[in-house]
Asks: 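Pasting a structure below so you can have a look.
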Amino acid sequence: MSNKDGKPVLMRVNGELTDLGAATVEADQFEFVFPEHPDALNVFRHSCAHLLAHAVVELFPGVQYGVGPAVENGFYYDFLTEKPFTPEDLEKIARRMAHLAKQNLPIKREILPRQDALELFSRKGQFLKVELIHEKVEGESVTVYRQGDFTDLCRGPHLPSTGLLKHFKLLSVAAAYWKGDEASHSMQRIYGVVFPTREQLDDHLGFLREAKERDHRKLGRDLDLFSIQNEIGAGLVLWHPRGAMIRYEVEKYWREEHLRSGYELLYTPHIARGELWETSGHKGFYSENMFTPIEFDHTEYQLKPMNCPFHLVVFKSRTRSWRELPLRWAELGTVYRYERSGVLHGLLRVRGFTQDDAHIFCTRDQILEEVKELIRFSLNILKTFGFVELDVFLSTRPENFVGDPEEWDLATNALERALKESGVAFTVDPGEGVFYGPKIDIKVKDVLNRSWQCSTIQVDFNMPRRFDLRYTNEIGDIERPIMIHRALLGSLERFFGILIEHYGGYFPVWLAPVQAVVIPINDRNAAYAGQVRNNLNQKGIRARLDSRSEGMGRKIRDAEMEKIPYILILGDEEEKNQDISLRIHRSGDQGKMALEELVHSILKAIEEKTFAKKVQH
RNA sequence: GCCGGUGUAGCUCAGCUGGUAGAGCAUUUGAUUCGUAAUCAAAAGGUCGACGGUUCGAGUCCGUCCACCGGCUCCA
């Protein structure tokens with residue numbers, strides 16, 4: 001079943017992965033790489049992409065193959081074809097791949113003179129490859145890999161033979177542009193996964209199933225949290241009572257934490273005059289994402305895509321002293337951005353959303369401390385939601401930028417130092433900064449180890465200049481403040497989507513829309529059950545009474561499916577002793593206990609923002 | 001926006017080559033009063049995504065649009 005037969009599949013020579021068959025010269029360092037080694041996985045993927053192309057070329061004569069790399073979770077290969085592939089085609093292709101793998105064809109590296117390679121691919125009608133050689137290959141020799149009758153332009157390395165590719169699955173087919181260019185050919189991209197062992201493949205397919213089960217669009221409907229409907233419009237979210245409850249709790253926590261950390265809150269309108277967006281520059285560089293202006297009273301108004309201009313205008317509303325800085329202003333500001341129809345995706349990509357925005361106005365000298373504080377603050381809040389593993393990126397000056405390179409350096413150094421002094425590991429993303437300044441991005445990892453962009457911290461010299469912001473410094477001179485933009489959760493909609501998937505719909509008690517359900521076993525117990533429910537409500541616990549004329553089993557089942565953390569079951573025995581029987585979702589029966597004991601436990605879980613836990617007697 | 005796919009009851013899905021719509025779950029009502037994941041029965045529920053066309057007749061064929069899904073590109 002597995003490849004654990006002790007045979008190496010690659011070599012590492014002087015640190016570089018190479019084919020087993022490669023001629024070795026003067027190796028200072030040399031080791032064999034076995035299938036189980038993580039380095040081998042990308043090669044498995046890449047070789048499997050070749051196998052895919054091999055099968056497609058055999059089955060569909062006339063198809064041109066483009067590029068087929070290994071990617072994060074598997075591999076793909078792009079094909080230029082008259083007719084798009086159908087799901088049945090995929091099955092057929094997979095069968096052919098298995099057949100070719102079974103033949104255990106040797107995969108051979110060959111170096112051809114440039115001219116020969118060009119002729120070879122021209123003869124086969126593979127003009128995309130000819131294009132690639134012209135564009136990408138420098139020098140007079142071209143490396144190709146050959147397996148059976150199939151030859152592909154490739155740098156390698158590859159597995160020694162196709163026989164190792166046993167555990168793969170083709171997942172989907174989608175369109176992609178040739179070389180990512182919208183103006184170029186539309187290609188058919190086939191995605192697949194491959195692993196050295198059956199076990200790993202099964203694990204991965206299990207992961208995909210799990211991810212599908214957790215899809216926030218499905219859970220949002222099943223748990224009645226939110227909807228997005230045609231009648232309202234694409235990308236516009238309706239928060240149903242249960243989703244709204246969760247949002248309310250998130251917002252409450254968010255506000256409390258901000259007030260505790262020296263922020264003040266702002267509220268600003270959803271539209272503003274067109275001139276504002278000219279001053280801010282958004283009309284110029286952001287117009288693609290802005291909705292068409294509205295005109296009334298001979299004045300143009302614009303639905304806001306950003307909150308920052310409003311905050312700048314508040315800053316400008318009177319003179320500011322250095323003694324006031326830093327000013328930390330936060331707003332849950334709802335913005336509207338036009339997104340191309342094809343990119344909308346549940347709560348993760350919408351057209352109207354509420355940013356948990358904040359702008360910090362400070363002096364140059366304060367940037368470092370403010371950023372350090374922002375990092376601490378962000379990590380602390382993300383941790384509350386169970387996001388402990390993070391990927392942090394520092395994005396530096398892009399090619400197109402505004403402002404003074406010296407300011408850029410100042411800001412970039414401040415960000416870098418803040419990260420280092422905070423002891424946060426990070427990766428530099430060169431040239432990925434916003435045009436007005438460098439930024440720190442924080443991506444959280446959810447329970448399925450998937451990465452989601454949430455927080456962003458951006459230093460901005462540009463906006464304060466455009467709005468001519470000033471403050472008076474210690475010696476009475478006028479200076480321009482620096483602005484730091486930051487979103488922590490990103491947007492409430494997006495963050496909600498991430499939370500739903502992270503928790504799989506099983507929210508911690510403080511967020512659970514319904515925290516407890518009371519189930520009377522018999523109509524005789526209905527009055528007592530009502531009392532218990534009221535008692536819980538009075539303690540601030542969101543409890544519901546299930547008084548339907550249904551069996552207990554049914555009510556329990558429904559409560560479990562609704563993912564209600566605490567299920568209280570009351571029959572004659574409980575009523576007699578004035579206690580309750582507790583069931584915790586996913587954990588089952590917890591036995592009888594006094595109501596006060598349970599209330600205490602629930603309130604503690606709410607307070608500590610944890611999941612429902614077994615009660616300690 | 002682009003490429004491909006999809007759109008039938010609140011949800012999941014049947015509906016053959018055009019002849020006038022069906023199941024399970026959910027809902028409502030009635031019966032049932034039950035000890036840790038589905039009690040029984042009945043009823044109700046759809047201008048078949050929208051608009052236009054072909055046809056004696058369209059859920060089914062054609063066109064346009066809308067939305068959703070998988071991607072590309074872009075992004076909170």
Side-chain angles (χ1 to χ4, degrees), chain A residues 76 78 81 83-87 89 171-191 215 217-218 221-222 224 227-235 286 288-289 305-307 333 335 337-357 434 441 443 452-456 485-498 519-526 547-562 567-574 581-592:
Chain A
Y76 68 78
D78 285 348
T81 163
K83 271 203 254 170
F85 298 116
T86 63
D89 289 338
L171 295 176
S172 63
V173 56
Y177 301 110
W178 175 236
K179 293 185 289 199
D181 177 6
E182 291 191 22
S184 195
H185 307 291
S186 182
M187 314 273 294
Q188 288 287 308
R189 174 171 296 178
I190 297 177
Y191 283 92
D215 191 313
R217 292 166 299 185
K218 174 182 154 56
R221 191 175 48 235
D222 292 351
D224 198 13
S227 65
I228 297 171
Q229 297 183 49
N230 217 258
E231 248 179 302
I232 304 296
Y286 208 70
E288 288 221 329
N289 286 292
M306 305 262 183
N307 301 302
V335 297
R337 299 183 184 173
Y338 174 74
E339 298 285 353
R340 300 162 109 195
S341 61
V343 306
L344 300 173
H345 183 91
L347 293 174
L348 301 180
R349 195 74 182 274
V350 294
R351 284 180 175 158
F353 58 97
T354 302
Q355 284 185 307
D356 70 314
D357 216 346
V434 202
D441 284 332
K443 291 187 183 179
W452 306 93
Q453 158 93 52
C454 290
S455 313
T456 180
H485 306 250
R486 79 92 254 236
L488 206 164
L489 310 176
S491 88
L492 294 180
E493 286 74 7
R494 184 182 161 77
F495 192 70
F496 185 34
I498 295 168
I519 297 178
I521 292 178
N522 190 296
D523 275 355
R524 286 191 300 279
N525 316 119
S547 54
R548 290 176 303 164
S549 171
E550 288 288 350
M552 181 194 66
R554 174 50 167 276
K555 292 181 185 181
I556 288 172
R557 179 184 151 82
D558 288 348
E560 288 279 354
M561 301 236 289
E562 281 181 49
I567 301 166
L568 283 64
I569 292 154
L570 310 182
D572 292 338
E573 294 171 31
E574 287 78 7
S581 278
L582 174 67
R583 180 186 169 104
I584 289 179
H585 68 176
R586 291 190 292 179
S587 309
D589 193 358
Q590 308 290 311
K592 291 190 180 58

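Throughout, protein chains are lettered first and strands after them, A, B, ... in sequence-line order, and every chain is numbered starting at 1. Fair warning: this is a prediction, and the values are worked out from it, not measured in the lab.
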Asks: Please answer whether rA76(B) and Phe353(A) are stacked, defined here as ring centres separated by less than 5.5 Å and planes angled under 30°.
Replies: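 By the stated criterion, Phe353(A) and rA76(B) stack.
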Asks: Taking only nitrogen or oxygen atoms into account, show me every contact under 3.5 Å that the protein makes with nucleotides 41-44 of chain B, one pair per line with its distance.
Replies:
none

Asks: Which protein N or O atoms sit under 3.5 Å from an N or O of nucleotides 46-51 of chain B?
Replies:
none

Asks: What nucleic acid atoms does Glu560(A) come within less than 4.0 Å of, heavy atoms only: base, sugar-phosphate, or nothing?
Replies: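 Touches a base.
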Asks: Reckon Ser186(A) touches a base, only the sugar-phosphate, or nothing at all at heavy-atom distances under 4.0 Å?
Replies: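 It contacts sugar-phosphate atoms only.
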Asks: Just by distance, do the side chain of Gln453(A) and the backbone of Ser455(A) share a donor-acceptor pair under 3.5 Å?
Replies: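 Yes.
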Asks: Is there a side-chain contact between Arg217(A) and the phosphate of rG70(B), meaning an N or O under 4.0 Å from OP1 or OP2?
Replies: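 It does, given that an N or O in the side chain of Arg217(A) lies less than 4.0 Å from OP1 or OP2 of rG70(B).
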Asks: If you compare every side-chain N and O of Tyr191(A) against the phosphate oxygens of rC72(B) (OP1, OP2), does one of them come in below 4.0 Å?
Replies: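 Checking Tyr191(A) against rC72(B): at least one side-chain N or O falls below 4.0 Å of OP1 or OP2.
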Asks: Mapping Glu339(A) and Leu582(A) to their closest nucleotides on RNA chain B, which lands nearer the 5' end?
Replies: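 With Glu339(A) and Leu582(A) compared, the 5'-side residue is Leu582(A).
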Asks: Taking only N and O in the side chain of His345(A), is any of them less than 4.0 Å away from OP1 or OP2 of rC75(B)?
Replies: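 No, because none of the side-chain N or O atoms of His345(A) sits under 4.0 Å from OP1 or OP2 of rC75(B).
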Asks: Using a heavy-atom cut-off of under 4.0 Å over every strand shown, decide if Asp523(A) touches base, sugar-phosphate, or nothing.
Replies: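 It contacts base atoms.
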Asks: Of the nucleotides rC3(B), rC72(B), rU33(B), which one has an atom closest to the side chain of Gln188(A)?
Replies: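 That would be rC3(B).
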Asks: Hey, does Tyr338(A) reach any base, or is it just sugar-phosphate, or nothing, if we go heavy atoms under 4.0 Å?
Replies: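 Answer is sugar-phosphate: Tyr338(A) comes under 4.0 Å of backbone atoms only.
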Asks: Given a 3.5 Å cut-off on both pairing distances, which stems involving RNA chain B, each at least three consecutive Watson-Crick or G-U pairs, are present, if any?
Replies: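 RNA chain B forms these stems: B:1-7 with B:66-72, B:10-13 with B:22-25, B:27-31 with B:39-43, B:49-53 with B:61-65.
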